[in-house]
Amino acid sequence: MGISKKDQFGLGQNQIAKIARCLSHPARIAILELILARKEPICNDIVSELPLAQATISQHLKELKKIGIIEGRMQGTKVCYSIDKEVWQFYKKILNDFFKKIDF
């Protein structure tokens with residue numbers, strides 16, 4: 001396995017790469033859209049809404065949780081997911097600032 005050179009780039013560059021890597025799968029975008037469309041946390045509905053196996057959805061949820069953009073809370077025997085609004089705003093600002101630098 002090769003040596004990572006992430007430390008040779010700036011914090012902002014690494015943050016953009018982190019969120020871009022996480023958002024690079026259409027299933028994760030679909031999951032975020034489902035969560036954003038709800039006012040309350042979404043539980044088992046994700047599996048019934050997407051054409052993916054429960055295990056696959058769980059893996060995508062894990063990746064979204066890893067960067068902190070969603071949070072899971074236990075409600076009885078179910079895990080319910082919602083957007084972490086502070087993290088969402090943080091990444092939104094980072095991406096907006098990046099795209100503002102490129103003005104065609």
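Please read all numbers here as calculations on a predicted model, not as lab measurements. All heavy atoms count here, side chains included; hydrogens, waters and symmetry mates do not.
Annotation: side chain of Gln8 is in contact with side chain of Lys5 (closest heavy-atom distance under 4.5 Å). Side-chain contact check for Cys22 versus Arg28: some heavy-atom pair is nearer than 4.5 Å. By the 4.5 Å heavy-atom criterion applied to side chains, Val87 and Ile70 are not counted as neighbours. For the pair Ile83 and Glu71, the minimum side-chain heavy-atom distance is 4.5 Å or more.
Formation of a donor-acceptor pair under 3.5 Å by the Asn14 side chain with backbone atoms of Lys6 is found in this model. With Thr56 contributing its side chain and Leu52 its backbone, the two residues share no donor-acceptor pair below 3.5 Å. Proximity of a side-chain donor or acceptor of Glu49 to a complementary backbone N or O of Ile46 within less than 3.5 Å is not detected.
Put simply, NZ on Lys18 and CG on Leu11 are 9.5 Å apart, with the number rounded to the nearest 0.5 Å. Here the straight-line distance linking atom NZ of Lys92 with atom NZ of Lys85 works out to 12.5 Å at 0.5 Å rounding. In this structure, the separation between CD1 on Ile42 and CG on Leu34 is 5.0 Å, given to the nearest 0.5 Å. Once rounded to the nearest 0.5 Å, the distance linking CD1 of Ile69 with CZ of Phe90 reads 11.0 Å. Once rounded to the nearest 0.5 Å, the distance linking NZ of Lys93 with NZ of Lys100 reads 7.5 Å. To the nearest 0.5 Å, atom CG of residue Leu95 and atom CD1 of residue Ile16 are 6.5 Å apart.
Counting all heavy atoms, side chain and backbone alike, Ala30 lies closest to Leu50 at CB-CD2, 3.7 Å. Annotation for Gln15 and Tyr91: closest pair O-CE2, 4.3 Å, computed over non-hydrogen atoms. The nearest pair of heavy atoms linking Ser24 to Arg21 is OG-O, 2.7 Å. Shown here for Val47 and Ile57, the closest heavy-atom pair between the two residues is CA-CD1, 3.6 Å.
By the rule that hydrophobic residues join a cluster once side-chain heavy atoms approach within less than 4.5 Å of another member, Ile29 and Trp88 end up as members of one cluster. Cluster membership check: Leu36 shares its hydrophobic cluster with Val79, using side-chain heavy-atom separations under 4.5 Å among Ile, Leu, Val, Met, Phe, Trp and Tyr.
The residues Lys65 and Glu63 are annotated as not salt-bridged, no charged nitrogen and carboxylate oxygen being separated by less than 4.0 angstrom.
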